[in-house]
Amino acid sequence: MRLGEVVVDVTPLRAGRDFRLLFATQAISMLGTHLTSVAAGLQVYALTGSSVQVGLMSLSLGLSLLVGLIAGGVLADRVDRRRIVLVTRAATAVVITGLAVNAALPDPRLWFVFVAAVLAGGTAGLGGPALMAATPALVAPGQLAAAGALMTLTAQLGAMAGPSLAGVIAAGPGIALCFAIDALIYVVGLALLAPLPRLAPEGGGEPQHPLKAMGEGLRFLRGNQVVAGLLLIDVCAVVFAMPYALFPELGTEHFGGGPSTVGLLYTAPAVGSFFGALTSGWTGRIHHTGRALIGAVALWGVAITCFGLSPGLWTALVFLALAGLGDTVSEILRRALLQHYTPDRLQGRVGSLWLAQATAGPSVGNVEAGLVARGLGSAAGAAAVGGVICLAGVAAVALALPGLRRATLQGPPADDKRTAPAERSPAAD
């Protein structure tokens, strides 16, 4: 295999201006998102001195995001997706600007931070499914995996650079500047996305009750082995083998370190994820995509099991990096398969379910890991047990859903009556 077939495939960036605009917007937006996330947490803690209040703020954001995602999925399959993205991003820019103004006041208001978290989460949820559904409309069907890898790369870059930058800014010019920069990023993103073409969904505008519309998406999910399998196999990883809540205890008690050791534990998966995205060129070329996905999730389970059994810190960091690599490959393949096997008229609703799971799943998984650690009396043991359960779940899903094992990105999906991928073309330059 040549080097060019391994490194991240940038064909979608070369093929169309519209995807370049979307990619650039996501790249700067992920940086801004982490600036605001860290700044909001720092501000709430500075105002209250309570980690519980920080957690409640995050919970408010998460719950409003979930509600927004469900509503946004229905909306994205009814009206022009470009319009939804522009309107929700403009609304979010206003909210973030409000946070900047509040933070600059001599006496910032805590209640406003909570209200802003609810508003920002809701608007982000409303626009999320439309933004996700835009990708298959802007790239050729054969480039979905490459486009997904590029989007994942922006997320990893933001996750690595954003929090550190937020800390530097907050310690220097102040928290208000973090919010102001994010608000400016949203304005720049609006300017970048404005030239996109109209992205009307197939069958959009049909009079249908929102609950009935969501029910149609759930029925499709239940009847499609590939799409259902994508969600189920991810549950095995994020619910049963999510170790992040264990890192503080493992870093200080098991590995005998301090905050720096805990920081290394959080950083290691991101490093592996970044490497996985950089070397993802093969994901769009492999024929047995479903089997590769199953293998990637299994790699996560094996790596988390070995992490829990690791006797030393550096061994543990290596396995966490491997887990991050498997997680990124899994995300790239799951996103591409979901968009490949979902008809355009359902992209918003099915995408909203995927995004909702990605939002809620890790939270549930971290709670589950903490409870298991308390029951076993060992955080390391909880991580190892979670990895084993994840592997058992992956095996069960793979055996129960042969359609997932046979899934491929090469050619049109056999059970989909939408326009064949060969007949669709990416947006022109």
Side-chain angles (χ1 to χ4, degrees), residues 144-145 148 217-243 269 272-273 276 280 282-309 319 322-343 346 350-351 353-358 360-362 364-366 368-369 372 381-416:
L144 285 175
L218 292 172
R219 286 193 299 274
F220 169 79
L221 179 66
R222 189 169 59 247
N224 189 300
Q225 283 197 3
V226 176
V227 178
L230 297 176
L231 299 182
L232 287 174
I233 204 168
D234 189 47
V235 167
C236 298
V238 300
V239 172
F240 300 122
M242 179 54 63
S273 294
S280 61
W282 59 273
T283 55
R285 299 182 178 94
I286 189 171
H287 181 74
H288 299 293
T289 314
R291 297 178 190 176
L293 168 63
I294 293 168
V297 183
L299 174 60
W300 166 273
V302 169
I304 295 300
T305 301
C306 294
F307 162 68
L309 299 174
F319 283 119
L322 283 175
L325 188 151
D327 182 48
T328 289
V329 172
S330 165
E331 181 181 348
I332 292 169
L333 296 178
R334 280 186 292 111
R335 181 190 293 265
L337 285 170
L338 182 138
Q339 293 175 336
H340 185 63
Y341 279 84
T342 302
L346 292 171
V350 175
L353 293 172
W354 190 79
L355 290 170
Q357 177 183 278
V364 174
N366 279 316
E368 182 267 345
V372 173
V385 169
V388 172
I389 295 175
C390 169
L391 288 172
V394 169
V397 171
L399 290 173
L401 300 175
L404 180 63
R405 300 197 305 270
R406 295 193 297 265
T408 179
L409 294 172
Q410 308 302 319
D415 59 346
D416 191 352

Determine yes or no for a side-chain-to-main-chain donor-acceptor pair under 3.5 angstrom, with Ser273 supplying the side chain and Pro269 the backbone.
yes

Could you pull out all residues at least two apart from Thr289 that satisfy side-chain contact (heavy atoms from CB on, under 4.5 Å)?
Ile286, Leu333, Leu337, Thr408, Leu409

Provide the closest heavy-atom pair for Ala384 versus Leu309 in the form atom of the first, atom of the second, distance.
CB-CD2, 4.0 Å

Any residue meeting salt bridge (Lys or Arg N to Asp or Glu O under 4.0 Å) with Glu331, in chain and number order, not counting sequence neighbours:
Arg335

CG-CG distance between Leu232 and Leu401, expressed to the nearest 0.5 angstrom
6.5 Å

Closest heavy-atom pair and its distance - Tyr341, Ala407:
OH-CA, 3.5 Å

Listing, residues 290-307 side-chain donor-acceptor contacts under 3.5 Å, not counting sequence neighbours, or none:
residue : atom : partner : partner atom : Å
Trp300  : NE1  : Ala241  : O            : 3.2
Thr305  : OG1  : Gly301  : O            : 2.8
Thr305  : OG1  : Val388  : N            : 3.3

Minimum heavy-atom separation for Ala145 and Ile332, please, with both atom names.
O-CG2, 3.5 Å

Sequence-distant partners of Val385, side-chain contact (heavy atoms from CB on, under 4.5 Å), two or more places apart
Leu376, Ile389

Check whether any side-chain heavy atom of Trp282 sits under 4.5 Å from a side-chain heavy atom of Val329, and report yes or no.
yes

CG-CD distance between Leu230 and Gln339, expressed to the nearest 0.5 angstrom:
11.0 Å

Closest non-hydrogen atom pair, Val239 against Glu368:
O-OE1, 3.0 Å

Could you name each residue pair satisfying salt bridge (Lys or Arg N to Asp or Glu O under 4.0 Å) that touches residues 384-405, not counting sequence neighbours?
none

Side chain to side chain contact (heavy atoms under 4.5 Å, CB included) evaluation trace for Val397 with Val235
CA-CA 10 Å; Val397 171; Val235 167; over 6 Å; no

Atom CD1 in Ile233, atom SG in Cys390: separation rounded to 0.5 Å?
8.0 Å

Correct closest heavy-atom pair for Cys236 and Phe240 would be O-CB, 3.4 Å

